[in-house]
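Here the structure is laid out as structure tokens; the discussion comes afterwards.
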Amino acid sequence: MNRASQNLAHCLAQFPPIVRLRLLAFTHLVEYPDTMRASLEVTPSGSMRLTLDTEIAPDTAHRH
């Protein structure tokens, strides 16, 4: 594993599991947009909520 990968793995390990899961879902959306549904809600106050969903059942190795 090269140094950049080691640094990235170390940084990701510092995040709580829910944050890692959200990053994984967003990465999946970018890499495989046809398999994901995305819904963006913006309130009048300016807060945003991005909801990602897929109909593909995860492999048991990929459950969090």
Restricting to side-chain contact (heavy atoms from CB on, under 4.5 Å), what partner residues turn up for Thr27, sequence neighbours left out? Glu31
If you round to the nearest 0.5 Å, how far is CZ of Arg22 from CD1 of Ile18? 4.5 Å
All ring-ring contact (aromatic ring centres under 6.0 Å, His included) counterparts of Phe15, not counting sequence neighbours: none
Cluster partners of Val42, using ILVMFWY side-chain heavy atoms under 4.5 angstrom, listed by chain and number? Phe26, Leu29, Val30, Met36, Leu40, Met48, Leu50, Leu52
Can you see which heavy atom on Ser47 is nearest to which on Thr43, and at what distance? OG-OG1, 2.8 Å
